[in-house]
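All values below were derived from every heavy atom in this structure, side-chain atoms included, with hydrogens, water molecules and symmetry-related copies excluded. Note that the structure is a prediction, hence the values are computed from the model and not measured.
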Amino acid sequence: MSVQRAPHSDVPVCVLGLGLIGGSILRALGRAGRPAYGWNRSAAAADDASAAGFDASADLGATLRRADAGGHVIVVAVPVPALDGVLAAVAEHAPNAWLTDAVSVKGDVARRVAAAGLTGRYAGGHPMAGTAFSGWEATDAALFDGATWVVTADDDTPAEAWRLAASVGLDCGAVIVPAGAAEHDAAVARISHSVHVVAEAVAVTAELDPAAERLARSLAASSFRDVTRVAGTAPSLVNAMCEANAAALLDALDDTIAELVAARAELAEHGTVGRITEQGHAARTRYDNARRTPFIPVLDGAGWQRALREAGHAGGVVAALG
Ligand code: NAD
């Protein structure tokens, strides 16, 4: 029998954007007993969420004034191109609310948050979970169960904003990994954004031999499906996150291309792909064997943000706020 535990905070959560990620956050918070409500630009999705028993509205100003009056925590869960408009509305209607987000890049978002004058209330967030589907109809209360959820700890991150952002991730069933925005972006360029580009390239490559195109499609099985799964994501979402992390993604793609060129040269000159298969297998095994070390975050004293970043680097995860 599972025991319902108390939420990690009782501060209500205001979710902006009820697509796959924001809608799943609203569902997961409801499951955890955390007070939460949401806004969606299209009335249809807000109506669907209301019909499913959630507190949802298509009136952004009214939703934000509610968050402002109560000092609630806002989670922005819209794509990068929609951020500036949403953040301007937050600055106008909810300057007293706390702020986090679920966007897949962190440096770009932090700069937009600063331009809106909201850094003093903000800690960035990124749930490391998702599917290739979009919209309220794809939402799932269990999407974040056991996932990692980055909460940014930069030198200007306010402790209360970090604590509330972490509480949202914890109440969604995730564990928290603290990281700086720039180091987050460098890491996700290699484990997510370049993976999307490589998946698109593999999907395209399968069709490039006209003589074998139809046969290749009918033979494609688990390895093709696994490697190209993320190519099923809406192109506009992939474009938005890759283009907002261009510098780190260029570095990652340079390394991927160098690996492919070296593997091709080894095959052409020596008839083997042995080097990359050994190294790739070893890297994948290290990932499979990686261990997480739970720790309780200390959110005061000089340099607490640096201490959190170091703990995140060392494999530390936050499973409770103490
Ligand atoms: P989605 O398409 O399912 O939902 C997008 C949401 O943003 C919808 O509520 C939509 O109404 C809203 N929106 C779109 N354009 C808007 C605009 N101009 N103004 C106001 N609202 C607008 O997408 P999603 O997968 O939920 O992605 C939302 C965010 O979560 C993105 O920033 C994405 O980077 C991030 N994210 C996605 C995944 C994933 O796997 N899909 C994982 C982690 C984080």
### Query
Yes or no on side chain to side chain contact (heavy atoms under 4.5 Å, CB included) for Thr139 and Leu18, after CA distance, side-chain angles and deciding distance?
CA-CA 8 Å; Thr139 57; Leu18 301 179; over 6 Å; no
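Phe295 and Leu299 end up in the same hydrophobic cluster when Ile, Leu, Val, Met, Phe, Trp and Tyr side chains are linked at under 4.5 Å. Hydrophobic clustering keeps Leu253 apart from Val105 (ILVMFWY residues linked when any side-chain heavy atoms are closer than 4.5 Å, directly or through intermediates). Under the 4.5 Å side-chain contact rule for hydrophobic residues, Leu83 and Leu16 share a cluster. The same ILVMFWY cluster, assembled from side-chain heavy atoms under 4.5 Å apart, contains both Ile21 and Val151. In the hydrophobic clustering of ILVMFWY residues, with side-chain heavy atoms under 4.5 Å counting as a link, Val73 and Val90 come out apart.
Smallest separation of non-hydrogen atoms from Val11 and Ser9: N-OG, 3.0 Å. Shortest non-hydrogen contact noted between Trp149 and Gly125 is NE1-CA, 4.2 Å. Of all non-hydrogen atoms in Ala199 and Val230, the two that sit nearest each other are CB-CG2, 3.6 Å. Of all heavy-atom pairs spanning Asp59 and Thr63, the tightest one is O-OG1, 2.7 Å.
Using a 4.0 Å cut-off between charged nitrogen and carboxylate oxygen, Asp101 and Arg112 do not count as a salt-bridge pair. Between Asp300 and Arg163 there is no salt bridge, since no side-chain N of the basic residue sits under 4.0 Å from a carboxylate O of the acidic one. Between Arg306 and Asp154 there is no salt bridge, since no side-chain N of the basic residue sits under 4.0 Å from a carboxylate O of the acidic one.
Side-chain atoms of Ser42 and Asn40 include a donor-acceptor pair closer than 3.5 Å. Defined by atom type and a distance below 3.5 Å, a donor-acceptor pair is present between the side-chain atoms of Arg34 and Ser167. With hydrogens and angles left out, the side-chain atoms of Arg275 and Gln279 include a donor and acceptor closer than 3.5 Å.
The OG1 atom of Thr119 lies 6.0 Å from the CG atom of Asp156; values are rounded to the nearest 0.5 Å. His93 NE2 to Leu60 CG: the interatomic distance, rounded to the nearest 0.5 Å, is 6.5 Å. Annotation: the span from Glu213 atom CD to Asp209 atom CG amounts to 9.0 Å, rounded to 0.5 Å. To the nearest 0.5 Å, the span separating NE2 on His126 from NZ on Lys106 amounts to 7.0 Å.
Looking at heavy atoms from C-beta onward, Val318 lies out of side-chain contact with Pro294 at the 4.5 angstrom threshold. Taking the side chain as every heavy atom from C-beta outward, Thr285 and His281 approach each other to under 4.5 Å. Residues Val109 and Tyr122 form a side-chain contact, since some pair of their non-hydrogen atoms from C-beta on lies under 4.5 Å apart. Using a 4.5 Å heavy-atom threshold, the side chains of Arg121 and Glu160 count as separate. By the 4.5 Å heavy-atom criterion applied to side chains, Ile25 and Leu143 are not counted as neighbours. When side chains are defined from C-beta on, Met128 counts as touching Ile191, because their heavy atoms get closer than 4.5 Å. Within the 4.5 Å cutoff, no side-chain heavy atoms of Arg190 are placed close to those of Val195. Under the 4.5 Å side-chain criterion, counting only non-hydrogen atoms from C-beta, Val80 is in contact with Asp108.
At least one donor-acceptor pair closer than 3.5 Å links the side chain of Ser194 to the backbone N or O of Ala189. A distance-only check finds no donor-acceptor pair linking the side chain of Tyr37 to the backbone of Pro12 [under 3.5 Å]. Of the possible donor and acceptor atoms, none in the side chain of Arg309 sits under 3.5 Å from a partner among the backbone N and O of Pro178. Looking at Asp171, its side chain never comes within 3.5 Å of a backbone N or O of Pro7 through a donor-acceptor pair. In this structure a side-chain-to-backbone donor-acceptor pair under 3.5 Å is present from Asn245 to Asp185. Proximity of a side-chain donor or acceptor of Glu183 to a complementary backbone N or O of Gly180 within less than 3.5 Å is detected. A donor-acceptor pair under 3.5 Å links the side-chain atoms of Ser24 to the main chain of Asp140, judged by distance alone.
The side-chain tip of Arg27 does not point at the ring of Phe54 from less than 6.0 angstrom away and within 45° of straight on.
Exactly one residue among Thr152, Thr100, Ile176 makes a side-chain contact (heavy atoms from CB on, under 4.5 Å) with Trp162. That residue is Ile176.
The 12-atom threshold is not exceeded at CZ of Arg229, counting heavy atoms of other residues, nucleotides or ligands nearer than 6.0 Å.
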